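Note that the structure is a prediction, hence the values are computed from the model and not measured. Letters A, B, ... mirror the listed sequences (proteins, then strands); counts begin at 1.
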Number of protein chains: 2
Amino acid sequence: MPKTKISRRKREILNAAAVLFRYKGYAATSMRDLAEKVGLEVSSLYSHIKSKEEILTTLCFHCGDLYSEGLEKIIEMDADALQKIDAIMDLHINIAIDHPSSITVFNDEWKHLSENELQQFLQVRRNYEKGIKQILQEGIDCNLLKDYPLDILMNTMLSSMRWIHYIKTDNNPIDTKITRDIVKKMLLNGVARK
Amino acid sequence: MPKTKISRRKREILNAAAVLFRYKGYAATSMRDLAEKVGLEVSSLYSHIKSKEEILTTLCFHCGDLYSEGLEKIIEMDADALQKIDAIMDLHINIAIDHPSSITVFNDEWKHLSENELQQFLQVRRNYEKGIKQILQEGIDCNLLKDYPLDILMNTMLSSMRWIHYIKTDNNPIDTKITRDIVKKMLLNGVARK
DNA sequence: CACAAAAATACGAACATTTGTTCGTATTTC
DNA sequence: GAAATACGAACAAATGTTCGTATTTTTGTG
C-alpha cells in the first residue's frame, strides 16, 4: 500500500477538517471554512490536498484502518471469545475517546464518498463485521454467549458504544476508566438486578 | 400550538424529503432533487412549503413529538420502573421500524436546524432525557436496576437501539417481533451466559 | 559555508456550476 | 370568480477548483 508520509501542514488540515465535518457535516463544510480554520487562503489548501473529497477519503479510511488493525490483533490473541469481546469493546471505546472527530466523520459522513471509494469502504466494513461475527459465533459455540442471532448481537453491541464520541468534547471530558468498565458490564450482564 | 392541517401534496413532499435526507443528508440534497422525486418543478415546491429549512424543522419536530408523547404516556403508566423501561424500548424500536427515514433525519440532521429551532430542539431533547433518567433512577431506587451512573445508563441503553432504522429498508425488512424481544433481553440481562 | 537551482508553498483572481428562492403568469380546483 | 397550484425564467450568493505568479524552503554543488 502506498502510504506516503503526511506533512505537518497536511496533518493540520486533516485535523481541522475532521472537526469541521464533525460539527457541520461534510457537505455543509466549505473549503473556505476549512481554509479559515487553518489560517490559509482557499487556494493554498490545494498545495497540500488534491480535493475536498480526498480529505474525506483519507479520514474515513484512516479510521477504518484503526478498527481493522485493532481487530486483527484481537483475532490473533490467545484467549477465549469472552476475552476477545472484551478487547473489541476496549478497541471501540478507546478509538471513540482518542479520535472523537474522525470517528464521527467515519460513522456519519462516509455516504459522501464517491462511488469507487464508497464501494471500497463498504467492503472494508463488511469484512470487519465478518470478523466480529466470527468471534461472537465462537462465543456462542463455547457456551460463553447466549445464542442470539449474530446480526442483532453485533449491531446492538457495537451500537451501544456509539454515543461516547458524541459526548466527548474538549469541555466535556469523559472518565475513560469508569465509562469503559460500566459499558462493558452493561453489555455482558445487563442492567437488571438479578 | 398552531398545528395546521397538512395537505396531501405537502405530506408527499415531506415524505420524499425524509427519504432523500436520509440517504444523501440534508445539505447534499437539493431542492431540485426533491422536486424531481415528487414530480414537480422546483418553483412549484414553494406553493406548499416555505423553505428547505421548514421541511427539516417539520421533520425533526414531528419525530420529537413522537418520542415525547410516547414518553408522557409511559410516565403516566401504573407500572414499576422495569415495565416502564420495557415500554421505552418498545417505543424506540417501534418508531425506528415505522419511520426509519424520519428517524434518521431526526438523529443525524438536526445540526442543520437554524439557531432558533436548534435551541428549541435541544430543549425538547434535554427534557426527554430528563424523563428517561427519572425512570431509570426510580428503577435504581427500587433495586430493580443496577446502580450505574444515569448518563452512562441512558446513553448506552438508547444508543443500543440506534441501528434498527439504519438496517431497515424496503428490501431489507426486519422481523419486528424477534428483534424487539432480543434487543430487550440483551439490554436487561446481557449477552454473557451466567 | 555560500549560493544558485529546484521544489514546495502561499496567494489573488477568476471560472463554471450549483444552490435556494422569487416573481409574474398561466392553469387548475373549488 | 377566487383561491390554490404549477411553471419557466431569472436572481444573487456560494461552491470547489484552476491558473499564473510570487514567496519561501530545501537541495545540490562549488
Side-chain angles (χ1 to χ4, degrees), chain A residues 2-60 105 109-118, chain B residues 2-60 105 109-118:
Chain A
K3 194 175 233 170
T4 50
K5 217 176 63 182
I6 292 179
S7 72
R8 202 153 21 268
R9 245 301 159 50
K10 183 157 185 177
R11 189 62 333 121
E12 195 185 355
I13 292 174
L14 290 172
N15 287 340
V19 175
L20 285 174
F21 293 174
R22 173 188 189 183
Y23 290 111
K24 306 188 58 170
Y26 174 75
T29 300
S30 74
M31 295 300 278
R32 284 162 180 83
D33 292 336
L34 180 54
E36 190 184 26
K37 184 121 186 166
V38 182
L40 288 177
E41 295 300 319
V42 213
S43 53
S44 311
L45 292 175
Y46 290 84
S47 296
H48 304 276
I49 52 121
K50 214 171 92 297
S51 64
K52 186 185 180 185
E53 208 190 281
E54 188 210 51
I55 299 178
L56 181 64
T57 304
T58 305
L59 291 176
C60 284
V105 176
E109 307 297 330
W110 57 266
K111 58 178 155 220
H112 297 108
L113 289 170
S114 60
E115 195 50 28
N116 278 341
E117 281 83 5
L118 182 61
Chain B
K3 195 178 238 171
T4 51
K5 215 177 62 181
I6 292 180
S7 73
R8 204 154 17 266
R9 243 307 158 49
K10 183 157 184 178
R11 178 91 302 138
E12 194 185 354
I13 292 173
L14 290 173
N15 287 341
V19 175
L20 285 173
F21 292 175
R22 175 189 188 181
Y23 290 111
K24 307 187 58 169
Y26 173 76
T29 299
S30 74
M31 294 302 278
R32 284 159 181 86
D33 292 336
L34 179 54
E36 189 183 25
K37 184 122 187 164
V38 181
L40 288 177
E41 295 299 318
V42 213
S43 54
S44 311
L45 292 175
Y46 290 85
S47 295
H48 304 274
I49 53 120
K50 215 171 90 294
S51 64
K52 185 184 181 186
E53 207 190 282
E54 187 210 50
I55 299 178
L56 180 65
T57 304
T58 305
L59 292 176
C60 284
V105 175
E109 307 297 330
W110 57 267
K111 58 178 154 220
H112 297 109
L113 289 169
S114 60
E115 195 51 28
N116 277 341
E117 281 84 6
L118 182 61

Do [X] and [Y] make a side-chain contact, defined as non-hydrogen atoms from C-beta onward lying under 4.5 Å apart?
{"X": "A:I49", "Y": "A:M31", "result": "yes"}
{"X": "B:K52", "Y": "B:L45", "result": "no"}
{"X": "A:L56", "Y": "A:E117", "result": "no"}
{"X": "A:R9", "Y": "A:L40", "result": "yes"}
{"X": "A:I55", "Y": "A:L34", "result": "yes"}

Query raised in the report: How would you list, by chain and number, every residue that makes a side-chain hydrogen bond (donor to acceptor under 3.5 Å, both in side chains) with B:H48, sequence neighbours excluded?
Result: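 side-chain hydrogen bond (donor to acceptor under 3.5 Å, both in side chains) check on B:H48 returns nothing, list empty.
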
**Report entry** Results of side-chain hydrogen bond (donor to acceptor under 3.5 Å, both in side chains) for A:R11 - residues two or more places apart only
**Finding:**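 A:R11 satisfies side-chain hydrogen bond (donor to acceptor under 3.5 Å, both in side chains) with no other residue.
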
Requested in this report: In whole angstrom, give the distance that lies between atom CD1 of A:I13 and atom P of D:dT17.
Outcome: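 Distance check: A:I13 CD1 to D:dT17 P gives 13 Å.
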
Query raised in the report: What pairs with B:F21 under ring-ring contact (aromatic ring centres under 6.0 Å, His included), at least two apart in sequence or on another chain?
Result: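 Here the qualifying residues are B:Y26.
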
Requested in this report: Heavy atoms of chain A, cut-off under 4.0 Å: which first and last nucleotide of DNA chain C, 5' to 3', fall inside that, if you could look?
Outcome: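 For DNA chain C, the relevant span reads C:dT9 to C:dA14.
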
**Report entry** Earlier contact from the 5' end, DNA chain D, for B:E41 and B:S7
**Finding:**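 Comparing both residues, the 5'-ward one is B:S7.
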
Query raised in the report: In terms of side-chain heavy atoms, does A:E53 have a donor or acceptor partner in A:S114 at a distance below 3.5 Å?
Result: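 Their side chains do contain a donor-acceptor pair, which is all the 3.5 Å distance test asks for.
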
**Report entry** Residues touching DNA chain D, which here means a heavy atom under 4.0 Å, drawn from residues 28-40 of chain A
**Finding:**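 Within residues 28-40 of chain A, the residues near DNA chain D are A:T29, A:S30, A:M31, A:R32.
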
Query raised in the report: Within a reach of under 6.0 Å around CD of B:E36, are more than 12 heavy atoms found that belong to other residues, nucleotides or ligands?
Result: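 Not buried by this count: 12 neighbours or fewer within 6.0 Å.
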
Report task. Within residues 49-56 of chain A, find the residues that approach DNA chain C with a heavy atom at under 4.0 Å, and present them sorted by residue number. Result ->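 Listed by number, there are none.
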
